[in-house]
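Presented below is the structure to which this report refers.
Protein chains get the first letters and strands the later ones, always in sequence-line order, with residue 1 at the start of each. What you see below is based on every heavy atom in this structure, not just the backbone, and it leaves out hydrogens, waters and symmetry mates.
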Amino acid sequence: MNPLLAHLNAPQLAAVTLPPVHALILAGAGSGKTRVLTTRIAWLISTGQVSPPGILAVTFTNKAAKEMQTRLAGMLPINVRGMWIGTFHGLCNRLLRAHHRDAGLPQLFQILDSADQQSAVKRLLKSLNVDDEKFPPRELCHFINAQKEQGLRPAAVEAWDDWARKRVGLYEAYEAQCQREGVVDFAELLLRSYELLERNEPLCRHYQERFRHILVDEFQDTNKLQYKWLKLLAGGGANLFCVGDDDQSIYAFRGADVGNMADFEREFKVTNLIRLEQNYRSHGNILDAANAIIKNNPSRLGKNLWTEAGSGEPIRVHEAYGEGDEARWIVEEVKALQRDGHTRAEIALLYRSNAQSRALEHALFNAGLPYRVYGGLRFFERAEIKHALAYLRLIANTDDDTAFARVVNFPTRGIGARSLETLQDAAKAANSSLHAAIPQVGGAGGAKLAAFAQLIVTLRDAAHLPLPELVDHVLELSGLRAHYRNEKEGQERLDNLDELINAAASFVAEEGTPDPDGEITGQYGNDLSSFLAHASLEAGEHQAGEGDDALQLMTVHSAKGLEFNVVFIGGLEDGLFPHENSMNEDKGLEEERRLMYVAVTRARQRLYLSFAQTRMLHGQTRYNLPSRFLDEVPEELVKWLTPRAGKGGFAMQDSASGSYGSAGASSYGATPRRSESSGGSGFRIGQSVMHAKFGLGVIINAEGSGSDARVQVNFGNAGMKWLALSIAKLEAA
DNA sequence: TGGGAGTGCTTTTTT
DNA sequence: AGCACTCCCA
């Protein structure tokens with residue numbers, strides 16, 4: 001047996017070795033989803049069914065993409081760096097850099113993150129004299145992104161009244177502004193690359209022919225546009241292999257559409273639907289609870305997790321008076337767990353909304369327990385870092401008005417609102433960028449602006465320096481360092497700025513390499529612009545001390561994909577979890593329930609659920625009922641740590657390698673070579689075959705020789721078969 | 001320019 | 001309650 005395939009269970013094996021057909025893998029929590037995805041890629045490559053450039057693998061987070069690359073690198077002796085494995089946004093960026101001309105973008109186009117986008121919108125409203133009470137920038141951004149995520153340009157958006165028409169007009173003006181400034185927001189990355197392929201037939205055909213196998217992770221989280229993008233790329237006969245879990249779809253609120261799973265099944269006539277239901281993570285009671293909860297959702301594709309592990313411990317439920325009591329109880333419980341030998345890093349405190357972390361942090365701080373809060377400001381989102389990046393962006397592109405506006409008077413150089421207004425008017429009149437309009441401003445303000453323009457020129461002169469030195473140079477000449485040195489609490493910010501130099505240095509060392517398949521995709525641009533793209537696309541985790549043994553605090557959303565030995569889910573109250581705002585939404589409760597399902601399935605060994613009778617929220621004390629999700633956990637799985645709540649005050653119930661890359665460098669000596677045949681029959685592992693009755697299949701194993709030769713074939717939905725070559729009529733397909 | 005007072009918002013979030 | 005943001009005055 002191919003060692004790649006060892007240790008896979010039957011459905012995993014079936015999925016990994018599927019013949020070249022479209023497939024939908026329903027992968028339950030903890031069922032080995034990433035493993036299937038990466039092993040599938042390794043299998044396809046090592047059996048010679050596809051070469052690495054023929055693979056396109058898409059994920060949602062950088063973390064997931066990196067994980068896939070790392071694991072793949074461990075399975076195959078190939079350079080995974082050049083492969084098209086990445087996030088939707090990262091891959092689109094790559095595509096647009098390579099074909100920036102065809103996409104109508106400057107080579108060094110910059111990427112706006114959400115905050116940049118909002119300030120760009122604010123600036124736009126101001127320049128058009130639009131009342132931002134009537135069109136709140138935040139809401140306008142949402143609207144614009146939502147349109148783009150449905151693939152709609154302004155002309156295609158329907159508007160029935162004046163206000164809606166005005167809004168579409170602003171969308172249009174925003175696009176024009178971005179185009180003039182040479183910047184692109186996140187949704188634009190997707191839409192622009194979709195349109196690029198859709199309109200440029202030869203280019204589209206090139207990529208369609210190149211990518212033979214497209215694999216998608218977390219497919220339930222794709223939005224409409226992402227699905228269209230995938231369909232377009234798969235339009236040339238590539239095989240789409242989508243892995244997802246409808247029960248873990250928790251991002252509908254930002255445009256994810258689980259309906260894509262059903263659409264995919266229908267539109268691609270998917271007959272190969274494989275369920276991965278064996279869970280390798282949690283003990284039985286935890287899984288039973290999760291199954292019982294999610295069973296209450298109607299429209300599911302259907303799936304039931306099971307485990308070979310025992311039932312394990314009961315699920316512990318605790319009732320507290322207020323959020324402070326809840327937090328103190330958790331602290332005591334954590335201390336007890338530590339005494340029993342649990343490490344803090346293996347304990348997670350999950351909550352529905354960020355505001356809940358405060359009470360927990362307070363109690364943990366008082367108890368002196370180290371903890372780490374996920375979420376919140378990340379490195380590249382810090383103000384001082386964004387300031388420094390803005391100077392770098394101006395070096396790359398002086399027309400980037402967002403960057404210009406951010407730092408033209410930071411550190412302050414006496415360029416006030418008046419001068420800026422004059423400048424904005426001049427820019428608008430000349431339809432130019434702010435930077436380009438500087439010569440037209442006279443007076444004292446004009447002189448100061450000219451000095452700023454001179455500063456940018458001086459900085460640009462240093463653009464040839466190695467990136468880390470350039471960053472250092474910018475920090476010094478811009479006056480940022482001096483500014484923070486004079487600030488009382490500036491030391492941390494200075495440290496962060498120094499850290500930015502380190503980030504630049506390690507970026508150059510690790511990723512600053514040019515695209516390996518340069519003749520097709522062109523080059524990325526220079527170090528500076530790829531570093532800036534990196535900063536936008538990968539904001540970076542914020543807190544240091546990753547290696548420290550600290551409790552893990554995070555929202556349920558950010559816990560998706562993670563697992564812990566012990567999990568506390570706090571604030572299980574109606575109104576909080578499920579959240580009251582979700583109740584008005586269509587299908588809101590179902591998404592909350594999936595969220596609860598995700599939360600529960602994070603736990604390996606022990607799960608605590610807790611709620612409080614009163615909770616301070618928005619400055620007011622609220623009295624909540626226990627969460628309805630608590631009632632959905634079967635009683636027999638539960639151990640109440642406090643007298644059981646609800647039902648009338650009960651008493652305490654205590655109770656492949658040779659086919660590609662450096663030949664022979666395989667780490668798997670036994671991996672069949674591409675040239676090897678099975679028993680001299682002319683067939684080889686990985687070969688697609690056709691059988692009169694079972695249809696298309698792929699050979700995954702072989703034994704015997706001559707008249708005894710037998711091969712194992714995966715026929716997809718027709719199953720896995722051993723066939724004697726002397727009897728079965730197999731034809732190469 | 002910067003600080004103090006007043007105002008409004010507050011589910012979840014990656015890229 | 002706590003935070004970000006704006007506005008106004010010295």
What contact category does [X] fall into here, base, sugar-phosphate, or nothing, at under 4.0 angstrom with non-hydrogen atoms?
| X | result |
| --- | --- |
| Asn409(A) | sugar-phosphate |
| Gly416(A) | nothing |
| Asn62(A) | sugar-phosphate |
| Asp185(A) | nothing |

Out of [options], which has the shortest distance to the side chain of [X]?
| X | options | value |
| --- | --- | --- |
| Thr412(A) | dT1(B), dT13(B), dT15(B) | dT1(B) |
| Tyr251(A) | dT11(B), dT13(B), dT15(B) | dT13(B) |
| Arg352(A) | dC3(C), dT11(B), dT13(B) | dT11(B) |
| Lys122(A) | dT13(B), dT15(B), dT6(C) | dT6(C) |
| Met616(A) | dT11(B), dT13(B), dA1(C) | dA1(C) |
| His557(A) | dC3(C), dT14(B), dT12(B) | dT12(B) |
| Leu537(A) | dT15(B), dT12(B), dT10(B) | dT15(B) |

Atom-pair distance ([atom1] on [X]; [atom2] on [N]), nearest Å:
| X | N | atom1 | atom2 | result |
| --- | --- | --- | --- | --- |
| Glu218(A) | dT15(B) | CD | P | 12 Å |
| Gln620(A) | dT10(B) | CD | P | 15 Å |
| Asn223(A) | dT14(B) | CG | P | 16 Å |
| Gln248(A) | dT13(B) | CD | P | 16 Å |
| Met583(A) | dT11(B) | CE | C1' | 13 Å |
| Arg615(A) | dT10(B) | CZ | C1' | 15 Å |
| Gln220(A) | dT14(B) | CD | P | 15 Å |
| Lys560(A) | dT12(B) | NZ | P | 17 Å |

Point to revise | Tyr351(A) ring center near His557(A) ring center (under 6.0 Å) | key: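 So the answer is no for these two rings.
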Practice item. Begin with the C-alpha distance, continue with both residues' side-chain angles, and end with the deciding distance and a verdict on salt bridge (Lys or Arg N to Asp or Glu O under 4.0 Å) for Arg123(A) and Glu181(A). Key: CA-CA 13 Å; Arg123(A) 205 155 32 73; Glu181(A) 295 175 9; 3.1 Å; yes
Exercise for review: Could you check whether His579(A) and the base of dT11(B) form a stacked pair, meaning centres closer than 5.5 Å and planes differing by less than 30°?
Suggested key: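 Stacking between His579(A) and dT11(B): present.
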Exercise for review: Measure from the ring centre of Phe60(A) to the centre of the six-membered ring in the base of dT15(B), then say whether that distance is under 5.5 Å and the planes meet at under 30°.
Suggested key: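 It does not: the ring fails the test against the base of dT15(B).
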Review point. Taking it one step at a time, do Glu149(A) and Lys224(A) satisfy salt bridge (Lys or Arg N to Asp or Glu O under 4.0 Å)?
Key: CA-CA 6 Å; Glu149(A) 278 162 15; Lys224(A) 278 268 170 284; over 6 Å; no
Point to revise | Other residues, nucleotides, ligands: >12 heavy atoms within 6.0 Å of Arg485(A) CZ | key: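 Count over threshold, so yes.
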Check your understanding: Above 12 or not: heavy atoms from other molecules or residues under 6.0 Å from CZ of Arg418(A)?
Key ->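 No - once you tally the heavy atoms of other residues, nucleotides and ligands closer than 6.0 Å, there are 12 at most.
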Exercise for review: Between Arg413(A) and Ser558(A), just flag the one whose closest nucleotide in DNA chain B comes earlier from the 5' side.
Suggested key: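 Nearer the 5' end of the strand: Arg413(A).
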**Study point:** Parallel, tilted or perpendicular: rings of Phe577(A) and Phe629(A) (30°, 60°)
**Key:**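 If you compare the ring of Phe629(A) with that of Phe577(A), the planes turn out perpendicular.
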Distance check: side-chain N/O of [X] vs OP1/OP2 of [N], anything under 4.0 Å?
| X | N | result |
| --- | --- | --- |
| Arg378(A) | dT15(B) | yes |
| Ser536(A) | dT15(B) | no |
| Asn354(A) | dT13(B) | yes |

Review point. Does any donor-acceptor pair link the side chain of Ser114(A) with the base of dT15(B) at a separation under 3.5 Å?
Key: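 Checked by distance alone, the answer is yes.
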